[in-house]
S.K.: 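This structure is in structure tokens; I'll ask about it shortly.
Everything numeric in this text was worked out from a predicted model, so none of it was measured. Each chain gets a letter, A, B and so on, in the order its sequence line appears, and its residues count up from 1.
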Amino acid sequence: MSETDVPTPYVPASVEPKWQSRWAERGTNTAKLDAPTKPFYALMMFPYPSAEGLHVGNLFAFTGSDISARFHRLLGHDVFQPLGFDAFGIHSENYALKVGAHPMELTPKNVANFTRQLGRAGFMVDWNQKVDTSRADYYKWTQWVFLQLHKQGLAYKKAAAVNWCPTDKTVLANEQVENGLCERCGTAVEQRFLEQWFFRISDYAPRLLANLDWLDWSPVTRQAQRNWIGKSEGAELTFDIAAHDASVTVFTTRADTIYGATYLVLAPEHPLVGALTTDAQRDAVTQYVDATKKQDLISRKSSKEKTGVFTGSYAVNPATGAQIPVWIADYVLMEYGTGAIMAVPGHDERDFEFAQVFNLPIVRVVAGPDDHADTPLGDAAFTDDDHGRLVNSGQFDGLAVQEAKRTVTTWLEGKQHAKAVTNYRLHDWCISRQRYWGPPIPIIYCDDCGAVPVPESQLPVELPFISDFKPDDSGISPLARHEEWYRVPCPTCSKPARRETDVSDTFLDSAWYFLRYPSANHADVPFDAARTKTWLPVNSYIGGNEHAVLHLLYSRFITMVLKDGGFIDFEEPFTRFRAHGMIIREGAKMSKSKGNVINPDVYMEEWGADAFRMYLMFLGPYEEGGDFRDQGISGVRRFLDRLWSSVRDASTEGAPDAEVLRKMHRTIKKVGEDTANLAYNTAIAAMMEYMNAVRRGERAPHRDELLPLVQLVAPFAPHLAEECWEQLGHSGSVFDAGWPVFDAAMLVDNTVDLVVQVNGKVRSKLHVPVDITQDAALALAMQEEGVAKFVTGEPKKVIFVPKRLLNIVV
RNA sequence: ACCCGGAUGGCGAAAUCGGUAGACGCGAGGGACUUAAAAUCCCUUAUCCGCGAGGGUGUGCGGGUUCGAGUCCCGCUCCGGGUACCA
């Protein structure tokens, strides 16, 4: 063997850069944005460009999206797959503070590093259309989005008790608080009162909820949004206050239990507390209200111990006419419902606990199937509302709970004491952040004109470069310390005025970025009308379920607002959404503190990007995630090596093997179906199985046996596929070659293995024609000694499933 | 507490409709090739009894439906994720 005959080994380090630069030269990944015949917008969740670089979780997510995008391209779509950077936000700012750098200088570096790593992984990204939320050419339009909401009356300012993180020195959205701790740094969150900008997302709750019924989204994601929106149907009931010209309105989902309402509870912040408090109770109530105010929002919500104070006043139960005491307690929240409840200790766990602590009367008004009106309640409230019937409830005795909810509400409505009401637990979206690293909210405060929106012609309100961007505990944004920026003339009257110094929430940046991509290079509009019409809504969105509520809900909301404003003609941004799973390592969660974080660069270096991509997809079902084990990657690499050498060894002489061809057509079918369903792990397994058939016993493969395999593997291992495609004599990209078509005739078997069972236990297998009759199969089976010996006497029954099994019951 | 997932060999996992449990891969053991090693290829690999042919058992636990259950139903246990005093 001469030197030149030595087979060239597969060296990803030379194959991968070759194709990456060729893709760039040829514009392979550039979408036909203006004249697509079959546009397909494939979106992946853009990353926050951390200083640590790309996380393996990012890569797992992107690879799955990329495979889907490449697959659709092979199917003949004009695929547009952009990517960008969610570069604003507290992450970047905190990191900059930690290392003593400036986010405005750090971010471009991180973006560059991410771009390098993403390029290395070989994604089919159209980099001409990138987006960076921290650049003025992007956030100019984020500010524009704010102005549209403002114009529609959906942005408003109010003083509110907010979650305050003493470490990050900023307000947090409820969604950013986990178990009373800051989602980012783990510090216990406190309560503060600040003037904040809010968006009226709660106005959209019914619409956001209703559309979930038809959206083609992962069921888990839709369920998470349903829970978050938290629709609750019930009634507002009005209780007159004895000896006062006042009444208290409560919200309840259990109007049927009105006869068991033995006291009322108001939130300590309830506006009527002062008026209802008697002189005798004044000191106790004031003390309790003050204590509640000082307590942070979180320990108030996490502590389940029931505390409260009697106001001294009594309300009249509109059903019984009885006078019942009015209490205040912090387990009633001002921000939900009416801030007041009727307490039914017999049938609500919290009211039961409270009544026990304060010795308030507990009455049974609902009886379970085994109970009667006087069955004692024991040590818990009876809360089953599906199997209960009313008792001790006057004319309503005997009604089922569900029916009684309506009947009692209607009855009280007739007495002007009730109104059917639907409540949502979705709160308005607080977008104010007392921070530096975000888009300034485009509002100017004028002593004469009030809060004036910055005219669109004056956008962007640029974020100035300041060196002292560290937040302090004043609760005021660092921007306020910069007079030259802070002081501006009023846009309306030109008198001296002041800028809003809060910046907006990062989630606003990401709530519309998908609209920007197709128009990323349009300086004059946020999104070009024609491009938007062509490409949106997004055909396929793939991302992590950690964004199931925040990002995805906000994006839907902003899209609805823009539709209502007449800017776009659709109200749901993502036609199809699929949530991918999580990657763990050797059975454990990855974390910096455990030191088990995977650095993608290391693996791509050792095994190649294609092997790494493919291994990530092989770990387990994409939508469930997988367990990364270092040893496993060698199996995938071996497969790629075999494909490589098969292509080198491929012959064009003779004809392909008939059995291999049959397997090939089955594989084309299976890989196509699995890839469409994101079942990447089984698609890869099918390709491996086919590879085994092709190379069984070191046989020399035929070129025609390999061509379709190269196309099948292309979405998974794009560099290797391109190289093999070229090796097999093509000059263009494999991604323009189309997806192979299977021949249905090749899938049909003439014979099949029929399983023979006796009483459900496998006793034999018969190799028989597919169309064998039951009688013929039975006759054949009875000739088998291993079957006959279990069949004593006449079979009681014979079950025959064509092509599958024969079960003889004796 | 509530709402979602999930539990299958030594390990990651497969099993489209209720029809051969364990595809594919890792690891392990054996063999071929080699002076040798690596690489490659072939075989074995759920478990128990048996020399073998063969047979029994087996998909977290306990019941049930069915000719037949990993898959469906009822009741639990454990693990992961989300929400959490939402009236």
S.K.: Checking ring pair (Phe, Tyr, Trp, His ring centres under 6.0 Å) between A:Tyr615 and each of A:Phe628, A:Phe60, A:Tyr603, which is the one that passes?
M.R.: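 With A:Tyr615 as partner, A:Phe628, A:Phe60, A:Tyr603 yield a single ring pair (Phe, Tyr, Trp, His ring centres under 6.0 Å), made by A:Phe628.
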
S.K.: Taking OP1 and OP2 of B:C41, is either one under 4.0 Å from a side-chain nitrogen or oxygen of A:Arg642?
M.R.: yes

S.K.: If you check every side-chain atom of A:Gln757, which of B:C26, B:A87, B:G19 has the closest atom?
M.R.: B:G19

S.K.: Under the rule for side-chain contact (heavy atoms from CB on, under 4.5 Å), what residues qualify as partners of A:His417, not counting sequence neighbours?
M.R.: A:Thr238, A:Asp240, A:Pro318, A:Leu412, A:Lys415

S.K.: So what does A:Lys789 touch, heavy atoms closer than 4.0 Å: a base, only the sugar-phosphate, or nothing?
M.R.: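 Here A:Lys789 touches the backbone only, sparing every base.
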
S.K.: Flag the pair A:Arg222 and A:Asp213 as a salt bridge only when some basic side-chain nitrogen lies within less than 4.0 angstrom of an acidic carboxylate oxygen.
M.R.: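 No salt bridge links A:Arg222 with A:Asp213.
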
S.K.: Given that A:Ser232 and A:Ala685 both sit by RNA chain B, which one's nearest nucleotide is further toward the 5' end?
M.R.: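 First, find each residue's nearest nucleotide; the 5'-ward one identifies A:Ala685.
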
S.K.: Does B:C11 pair with anything, Watson-Crick or G-U wobble, both distances under 3.5 Å, and if so, with which nucleotide?
M.R.: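 The base-pairing partner of B:C11, which may sit in any strand shown, is B:G25.
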
S.K.: For A:Arg804, which contact category applies under a 4.0 Å heavy-atom criterion: base, sugar-phosphate, or nothing?
M.R.: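 The answer is sugar-phosphate, as A:Arg804 gets under 4.0 Å only of primed atoms, P, OP1 or OP2.
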
S.K.: Could you pick out which residue, A:Lys669 or A:Asp348, lies toward the 5' side of RNA chain B when each is mapped onto its nearest nucleotide?
M.R.: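 In this pair, the answer is A:Lys669.
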
S.K.: Would you indicate, yes or no, if B:G82 has its OP1 or OP2 atom less than 4.0 angstrom from a side-chain nitrogen or oxygen of A:Asn545?
M.R.: no

S.K.: Is there a side-chain polar atom (N or O) of A:Lys761 under 4.0 Å from OP1 or OP2 of B:U20?
M.R.: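 So the side chain of A:Lys761 is outside the cut-off, no N or O lying under 4.0 Å from OP1 or OP2 of B:U20.
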
S.K.: If you round to the nearest 0.5 Å, how far is OG1 of A:Thr63 from OH of A:Tyr680?
M.R.: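 Separation between the atoms: 9.5 Å.
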
S.K.: Students often get this wrong, so: under 4.0 angstrom with heavy atoms, is A:Asn807 touching a base, only sugar-phosphate, or nothing?
M.R.: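 The answer is base, as A:Asn807 lies within the cut-off (heavy atoms under 4.0 Å) of a base atom.
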
S.K.: Just label B:C26 as syn or anti from its O4'-C1'-N9-C4 or O4'-C1'-N1-C2 angle, using within 90° of 0 for syn.
M.R.: anti

S.K.: Can you identify which nucleotide, out of B:C26, B:G19, B:U20, has its nearest atom closest to the A:Val801 side chain?
M.R.: B:G19

S.K.: Show me the donor-acceptor pairs, under 3.5 Å and distance only, between side chains in residues 802-810 of chain A and residues at least two apart or in other chains.
M.R.:
{"from": "A:Asn807", "atom 1": "OD1", "to": "A:Asn759", "atom 2": "N", "distance (Å)": "3.4"}
{"from": "A:Asn807", "atom 1": "OD1", "to": "A:Gly760", "atom 2": "N", "distance (Å)": "3.0"}

S.K.: OP1 or OP2 of B:G81 versus the side-chain N and O atoms of A:Lys589: is any pair under 4.0 Å?
M.R.: yes

S.K.: Name the closest nucleotide to the A:Gln631 side chain, picking from B:C24, B:C67, B:G27.
M.R.: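 Nearest to the side-chain atoms of A:Gln631, counting from C-beta on, is B:G27.
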
S.K.: Using a cut-off of strictly less than 4.0 Å, decide whether A:Lys797 has a side-chain nitrogen or oxygen near OP1 or OP2 of B:C67.
M.R.: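 Affirmative; the distance criterion is met.
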
S.K.: When we call it a touch if two heavy atoms are under 4.0 Å apart, what does A:Asn692 touch: a base, just sugar-phosphate, or nothing?
M.R.: sugar-phosphate

